[in-house]
Amino acid sequence: KQEVTQIPAALSVPEGENLVLNCSFTDSAIYNLQWFRQDPGKGLTSLLLIQSSQREQTSGRLNASLDKSSGRSTLYIAASQPGDSATYLCAVGVSGAGSYQLTFGKGTKLSVIP
Amino acid sequence: GAVVSQHPSWVICKSGTSVKIECRSLDFQATTMFWYRQFPKQSLMLMATSNEGSKATYEQGVEKDKFLINHASLTLSTLTVTSAHPEDSSFYICSAGTGGYSAVYEQYFGPGTRLTVT
């Protein structure tokens, strides 16, 4: 059974700092990996999706890497802003037997202090 | 593009009543829709996967007779919580899937529905 772990559970940084969020998964046979942002009481916003054959994806100040063999992914946020404050979720996609599922980590709650 | 809506955004109901939550893909057709539940400070847990026109596949531990899922069209899926109890209070999120195994496959998530059972 796929298990996804995110470290740290919470992180507080001053505005302007670069930061890294970590995600690890137990089964390397994945289809893709996604990073999401969730604001309090809200749904999910997809940030980056990395296919299993890719090593990284970039969008603006965000960069996500994937090392499938070691079961790890990182989300790098450059020049953090107070508006980046949210919970960041890592989800691993697995396909097979006609189905496709995402397994989520518990998230990292990020607070960017002005 | 790829917008998913949910209705209602929040609902309060009395114990023993049933509640229906709608999930719609607004600008695309979704062959597969997923229903998740999220408890406070916990991650999203997949409840069931539904394909248009067929029965939903429920995850282990999820009662199919309690959580009725209907996916009657390519743009609408509904989740009905029957005989709701306080322990069913949670944040329910749906997602709609696009693409196939030979293309980029991605889930687009709705904004969620907060259910409180009193």
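Just so you know, these numbers use all the heavy atoms, side chains as well, and skip hydrogens, waters and symmetry mates. Proteins come first, then strands; the chains are lettered A, B, ... in the order of their sequence lines, and each starts at number 1. As the structure is a prediction and not an experimental result, all values here were calculated from the model.
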Checklist line | Residue among V4(A), L44(A), T45(A) with most heavy-atom pairs under 4.5 Å to chain B | finding: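 The residue among V4(A), L44(A), T45(A) with the greatest pair count is L44(A).
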
Notebook entry, point to check: Do Q101(A) and T57(B) have side-chain heavy atoms sitting under 4.5 Å apart?
Noted result: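 Result no, sub-4.5 Å side-chain heavy-atom pair not found.
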
Check: Should Y36(B) and L102(A) count as side-chain neighbours, where that means a heavy-atom distance under 4.5 Å?
Finding: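 Yes, their side chains come closer than 4.5 Å.
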
With hydrophobic residues grouped by side-chain heavy-atom distances under 4.5 Å, do [X] and [Y] end up in a single group?
X: V13(A); Y: L75(A); result: yes
X: L62(A); Y: L11(A); result: yes
X: V19(B); Y: Y92(B); result: yes
X: I69(B); Y: V62(B); result: yes
X: L48(A); Y: L66(A); result: yes

Next item on the list: Check whether Q38(B) gets within reach of chain A through its side chain, its backbone, both or neither, counting any heavy atom under 4.5 Å.
Entry: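 Only the side chain of Q38(B) comes within 4.5 Å of chain A.
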
Item checked: Per-residue contact mode, L44(B) against chain A (heavy atom under 4.5 angstrom) ->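 Both parts, heavy atoms under 4.5 Å.
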
Notebook entry, point to check: Take atom CZ in R72(A); do more than 12 heavy atoms of anything else shown fall under 6.0 Å from it?
Noted result: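 No.
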
Notebook entry, point to check: In terms of heavy-atom contacts, does NE2 of H7(B) have more than 12 from other residues, nucleotides or ligands at under 6.0 Å?
Noted result: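 No, not enclosed.
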
Checklist line | Contact residues of residues 52-61 of chain A (partner chain B; heavy-atom separation under 4.5 angstrom) | finding: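 Listed by number: none.
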
Check: For chain B, which residues from residues 103-114 of chain A lie under 4.5 Å away (heavy-atom distances)?
Finding: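 F104(A), G105(A), K106(A), listed by number.
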
Margin query: Between Q107(B) and Q34(A), do the side chains contain a donor N or O and an acceptor N or O under 3.5 Å apart?
Written below: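 No, no side-chain donor-acceptor pair sits under 3.5 Å.
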
Checklist line | Atom pair CZ/OG of F109(B) and S46(A) - distance to nearest 0.5 Å | finding: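 Reported to 0.5 Å precision, the distance equals 8.5 Å.
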
Notebook entry, point to check: What part of Q38(A) gets closer than 4.5 Å to chain B, counting heavy atoms only: side chain, backbone, both or neither?
Noted result: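 Q38(A) touches chain B through side-chain heavy atoms alone.
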
